[in-house]
Amino acid sequence: MAVFRMINHTNSAERWLRHPQSVWPRKALFQIHLWTGLILALYVLVMSLTGAVLIYRRELSKAFSSQPRIVAGAGPRMTADQLKQAAARAHPGYEVNRTFESRNPNQPVELWLERGSQKIQRLFNPFTGADLGDPLKPGFRLILWLVDLHDNLLSGRLGHAANGIGGACVTLVCFSGIIIWWPGVDKWRRSLTVDWKANSRSFHWSLHSALGFWSFAFILMWGISGIYLAWPTPFNGLVDYLQTGQSRDLRFGDEVLAWLARLHFGRFPSIPLKIAWTIFALVPVALLITGTLMWWYRVLGPWYRRNLAGKTQVQFQRPRPASDSAAAFQSRSTF
């Protein structure tokens, strides 16, 4: 019995090395990879596109956050109470709950007002009390909206937790994908490049395979860091466990977690490095497109041809009733 098991194990390993498509665990992982990827399609699309934009969050925030400069008036600056009265006249029913004055005397004063559950932010001229408008430009508000969409899916704590589940699923897709990628010892070199001369079905497969291999480390990093950003407590607990008794000022584990967050958002001072990060951030979109096309070739296309296409052809070829044919013959014979 032991000899039989050893022979069976050897045969399985040989098949995995040379013909992995025939090994049943690989088939099971393929289904997991396929359906998990399809379920995550919209999520991956949103995360990739918003993440690619937010790599330039600091640059975009600076571009959209400039405030108008005010020329000093002839008289003295208004007091805080006078500005509140001017705000009350400009927005009846609202009360000022916060005041932000700039160190630069030529900058406007920002006031936060509220009326029940309604809250607004306005800029006021500190010399005349004139309402200068919203302190946040539409572009800056768009950036804040993208941040909320990427971090919380516009759903607060619930969306933040859902991002952790999404990160775990992306990690699962990565590990299953790298196992599925293995084509055998005789073909693995071809799976590193794209076959530009292949037909559409083989081309999409080779493109998906090559992109998945070369971007594996990046996508895995985004999956794991997505879990960490949603649920940091287990990661911090692991660092505490591994580095018990060490100073908590500059521990290696804390630096690793800080770098994990920095890599997730692409927080680099170098613009060329940010551009490279943007390209890799958009790779999941290409994987999504090629994966969907492969699903069409493998599942939807054959199903459509078996079911819908055949019915449509039968409907078009359905013969007309004899009475309709006779009536048509009579109408033609009258001319």
Side-chain angles (χ1 to χ4, degrees), residues 2-41 43-45 47-48 51 165-228 260 263-264 276-277 279-303:
V3 175
F4 176 76
R5 290 179 179 175
M6 184 178 298
I7 294 174
N8 189 33
H9 177 73
T10 303
N11 291 336
S12 298
E14 182 70 17
R15 282 193 299 161
W16 170 254
L17 288 174
R18 297 193 175 277
H19 305 287
Q21 294 82 359
S22 62
V23 180
W24 74 263
R26 196 259 188 195
K27 297 179 180 179
L29 283 175
F30 179 85
Q31 295 298 324
I32 293 173
H33 183 84
L34 170 65
W35 293 107
T36 304
L38 289 173
I39 292 172
L40 290 177
Y43 175 81
V44 170
L45 182 64
M47 291 296 105
S48 294
I165 299 175
C169 291
V170 169
T171 304
L172 174 63
V173 169
C174 278
F175 281 120
S176 61
I178 201 63
I179 295 174
I180 294 169
W181 170 86
W182 174 250
V185 293
D186 299 327
K187 301 178 181 179
W188 70 271
R189 290 182 180 85
R190 285 187 289 175
S191 295
L192 298 176
T193 58
V194 180
D195 187 0
W196 300 100
K197 298 181 181 180
N199 58 41
S200 59
R201 183 168 183 171
S202 299
F203 169 76
H204 292 129
W205 170 263
S206 67
L207 180 60
H208 188 89
S209 179
L211 285 176
F213 178 85
W214 293 112
S215 63
F216 169 78
F218 289 88
I219 299 176
L220 179 63
M221 176 273 296
W222 279 312
I224 295 176
S225 58
I227 302 173
Y228 163 64
L260 190 61
L263 291 173
H264 182 94
W277 227 248
I279 294 173
F280 279 103
L282 295 175
V283 167
V285 178
L287 293 174
L288 171 63
I289 295 173
T290 54
T292 303
L293 290 173
M294 289 190 297
W295 179 52
W296 168 265
Y297 291 132
R298 186 181 182 90
V299 179
L300 283 185
W303 179 85

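Hydrogens, waters and symmetry mates are skipped; everything else that's a heavy atom, side chains included, is used.
Leu172 contributes atom CG, which lies 8.5 Å from atom CG of Leu29 (distance to the nearest 0.5 angstrom). Ile32 contributes atom CD1, which lies 14.5 Å from atom NZ of Lys27 (distance to the nearest 0.5 angstrom). One distance of note links CZ of Arg26 with OG of Ser176; it measures 11.0 Å at 0.5 Å rounding. We find the OG-CG distance between Ser202 and Leu207 to be 12.5 Å, quoted to the nearest 0.5 Å. Distance check, rounded to the nearest 0.5 Å: CD1 of Ile227 to OG1 of Thr171 gives 4.0 Å. To the nearest 0.5 Å, the span separating CG on Leu211 from CD1 on Ile219 amounts to 8.5 Å.
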side-chain contact (heavy atoms from CB on, under 4.5 Å) between His204 and Tyr297, intermediate numbers included = CA-CA 10 Å; His204 292 129; Tyr297 291 132; 3.5 Å; yes
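Residues Asp195 and Phe203 fail the side-chain proximity criterion, which asks for heavy atoms closer than 4.5 Å. Looking at heavy atoms from C-beta onward, Val170 lies out of side-chain contact with Trp222 at the 4.5 angstrom threshold. Residues Phe218 and Leu263 fail the side-chain proximity criterion, which asks for heavy atoms closer than 4.5 Å. Leu34 is listed as a side-chain neighbour of Gln31, based on a closest heavy-atom distance under 4.5 Å.
Proximity of a side-chain donor or acceptor of Trp188 to a complementary backbone N or O of Trp182 within less than 3.5 Å is not detected.
The aromatic rings of Phe30 and Trp205 sit tilted, their planes meeting at an angle between 30° and 60°.
Taking every heavy atom of both residues into account, Leu40 and Cys169 meet most closely at CD1-CB, 3.4 Å. Nearest heavy-atom pair, Val173 versus His33, reported as atom, atom and distance to 0.1 Å: O-ND1, 3.1 Å. A pairwise comparison of heavy atoms in Ser215 and Phe280 identifies CB-CD2, 4.2 Å as the closest pair. The two residues His208 and Thr290 come nearest to each other via the heavy atoms ND1-OG1, 2.8 Å. Minimum heavy-atom separation, Met221 to Leu260: CG-CD1, 4.3 Å. Closest non-hydrogen pair, Gly167 versus Tyr43, comes out as N-OH, 4.1 Å.
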